[in-house]
*Asks:* 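One structure, as structure tokens, below. Some questions next.
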Amino acid sequence: MEHDLETAALIKKYPSLAKAIETGIESHDGREEALLKFILAHPDISNIRNNPTKLLQAIDEFSCTHDFLISIGAQKARILSDLIEKQKPAVVIELGGYLGYSAILFADAMRRVSSDSSNLQVWSLEMSPDFARIAEKLIAIAGLSELVTVVVGSAEESLRNLKKDGKVAGVDMLFLDHAEELYLPDFKVCEELGFLRKGAVIVADNVVRPGAPEYRNLVRGHPRLASEGIRGLIQPGDFEDELEISYVTK
């Protein structure tokens with residue numbers, strides 16, 4: 001397939017983008033299973049085990065050189081790590097866990113800024129059982145299984161079950177990174193369940209690319225929230241995007 005000069009230069013710099021650009025397919029085609037094999041066969045696997053930073057670097061390596069992954073990537077990871085350092089959350093729920101990248105990032109950052117890790121918990125909600133199994137294996141490689149619980153099923157059902165079963169009363173941080181059209185209804189579910197207590201922070205990824213305009217309009221006009229967009233990059237490729245960060249003020 002022939003490309004314009006800009007696209008050709010992008011693919012030359014990031015070969016893993018070729019398939020995504022040419023086919024439009026970014027997931028659910030075997031690349032997720034290939035990532036796990038890549039990690040387990042990595043020449044530095046002995047140093048990757050129990051080292052979340054090295055594991056995330058290896059995942060980024062795969063995404064840059066083999067197959068593009070819809071994980072948050074290194075640039076957005078730095079923004080989120082800084083936010084966790086500032087907010088010091090003890091309970092985090094993420095909607096759209098995918099292969100565990102962000103859950104690993106969150107748990108590692110939370111552990112570093114907490115004096116007592118016994119009360120820390122990351123709930124990673126993922127629709128796909130196959131992706132959830134891979135995530136659990138990567139989380140175990142990172143040495144973070146005690147802090148991260150992967151929950152399989154739709155976000156709404158899983159949120160309601162966490163409340164019904166008494167596992168979660170409220171959250172310090174909510175991360176929305178599943179289907180953008182579900183950001184708004186699942187945010188409302190979290191409100192209904194009383195999860196969004198004063199002082200919590202809500203982060204929504206990909207609010208510009210591909211976009212979540214209805215969600216963004218709601219949080220920016222919400223009487224309990226102070227909300228702003230923070231520039232972020234989709235990597236590899238350095239495509240412009242934003243994270244919407246909303247603080248619960250009341």
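All values below were derived from every heavy atom in this structure, side-chain atoms included, with hydrogens, water molecules and symmetry-related copies excluded.
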*Asks:* Once the angle between the rings of H178 and Y183 is folded into 0 to 90°, is it parallel (under 30°), tilted (30 to 60°) or perpendicular (over 60°)?
*Replies:*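 Taking Y183 first and then H178, their aromatic rings lie parallel (interplane angle under 30°).
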
*Asks:* I'd like to know if the side chain of Y98 pairs up with that of E32 as donor and acceptor (distance under 3.5 Å, no hydrogens or angles considered).
*Replies:*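 Result is yes, a qualifying pair exists.
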
*Asks:* Please check if the number of heavy atoms outside M127 that lie under 6.0 Å from its CE is greater than 12.
*Replies:*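 No, the 6.0 Å shell around CE holds no more than 12 heavy atoms from other groups.
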
*Asks:* With a 4.0 Å cut-off, would you call E244 and R220 a salt bridge?
*Replies:*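 The answer is yes: the pair qualifies as a salt bridge.
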
*Asks:* Looking at every heavy atom in both V207 and D241, which two are closest together, and how far apart are they?
*Replies:*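 Of all heavy-atom pairs spanning V207 and D241, the closest is N-OD1, 3.7 Å.
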
*Asks:* K163 and L193: which non-hydrogen atoms are nearest, and at how many Å?
*Replies:*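 Looks like NZ-O, 3.1 Å.
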
*Asks:* Which heavy atom of L147 sits nearest to which heavy atom of Q121, and what is that distance?
*Replies:*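 Shortest heavy-atom separation between L147 and Q121 comes out as O-NE2, 3.2 Å.
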
*Asks:* Count the heavy atoms of every other residue, nucleotide or ligand shown that sit under 6.0 Å from CD of E181, and state whether that count exceeds 12.
*Replies:*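 Result for CD/E181: enclosed.
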
*Asks:* Find out whether L95 and L182 are in side-chain contact, i.e. whether some heavy atom of one side chain is under 4.5 Å from a heavy atom of the other.
*Replies:*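 Not in contact.
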
*Asks:* Please examine the side chains of L125 and L162, heavy atoms only from C-beta on, and report whether any two atoms are closer than 4.5 Å.
*Replies:*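 Yes, side chains in contact.
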
*Asks:* Is any NZ, NE, NH1 or NH2 atom of the basic residue among R160 and E192 found under 4.0 Å from an Asp or Glu carboxylate oxygen of the other?
*Replies:*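 Judged by the 4.0 Å cut-off on N to carboxylate O distance, R160 and E192 do form a salt bridge.
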
*Asks:* Taking the inter-plane angle between the rings of H66 and F62 on a 0 to 90° scale, is it parallel (under 30°), tilted (30 to 60°) or perpendicular (over 60°)?
*Replies:*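 H66 and F62: parallel rings.
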
*Asks:* State whether a side-chain donor-acceptor pair under 3.5 Å links S158 with N161.
*Replies:*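 Their side chains do not contain a donor-acceptor pair, so the 3.5 Å distance test is not met.
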
*Asks:* Indicate if I93 and V189 have the same hydrophobic cluster label, given that clusters are the connected sets of ILVMFWY residues with side-chain heavy-atom separations under 4.5 angstrom.
*Replies:*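 Same cluster: I93 reaches V189 through Ile, Leu, Val, Met, Phe, Trp or Tyr contacts under 4.5 Å.
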
*Asks:* Given 3.5 Å as the limit, does a donor-acceptor pair link the side chain of Q235 with the main chain of G237, or not?
*Replies:*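 No, Q235 side chain to G237 backbone: no donor-acceptor pair under 3.5 Å.
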
*Asks:* So for atom CD, which belongs to Q75, do other residues, nucleotides or ligands contribute more than 12 heavy atoms lying within a distance under 6.0 Å?
*Replies:*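 Atom CD in Q75 is crowded, with more than 12 foreign heavy atoms closer than 6.0 Å.
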
*Asks:* Less than 4.0 Å between a side-chain N and a carboxylate O, is that true for D82 and R78?
*Replies:*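 Salt bridge absent between R78 and D82.
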
*Asks:* More than 12 heavy atoms of other residues, nucleotides or ligands under 6.0 Å from NZ of K137: is that the case?
*Replies:*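 Counting neighbours around NZ of K137, 12 or fewer heavy atoms of other residues, nucleotides or ligands fall under 6.0 Å, so no.
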
*Asks:* Using a distance-only test with no angle check, is there a side-chain donor-acceptor pair under 3.5 angstrom linking D116 and S118?
*Replies:*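 Yes, side-chain donor-acceptor contact under 3.5 Å.
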
*Asks:* What do you reckon, is CD of E33 surrounded by more than 12 foreign heavy atoms closer than 6.0 Å?
*Replies:*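 Atom CD in E33 is packed in, count exceeds 12.
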
*Asks:* Under a 4.5 Å cut-off applied to non-hydrogen side-chain atoms, are V203 and L174 in contact?
*Replies:*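 No, their side chains stay 4.5 Å or more apart.
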
*Asks:* Just wondering, more than 12 heavy atoms not from K188 lying within 6.0 Å of its NZ?
*Replies:*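 Count not over threshold, so no.
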
*Asks:* Any salt bridge between E242 and R231, counting N to O under 4.0 Å?
*Replies:*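 The answer is no: the pair does not qualify as a salt bridge.
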
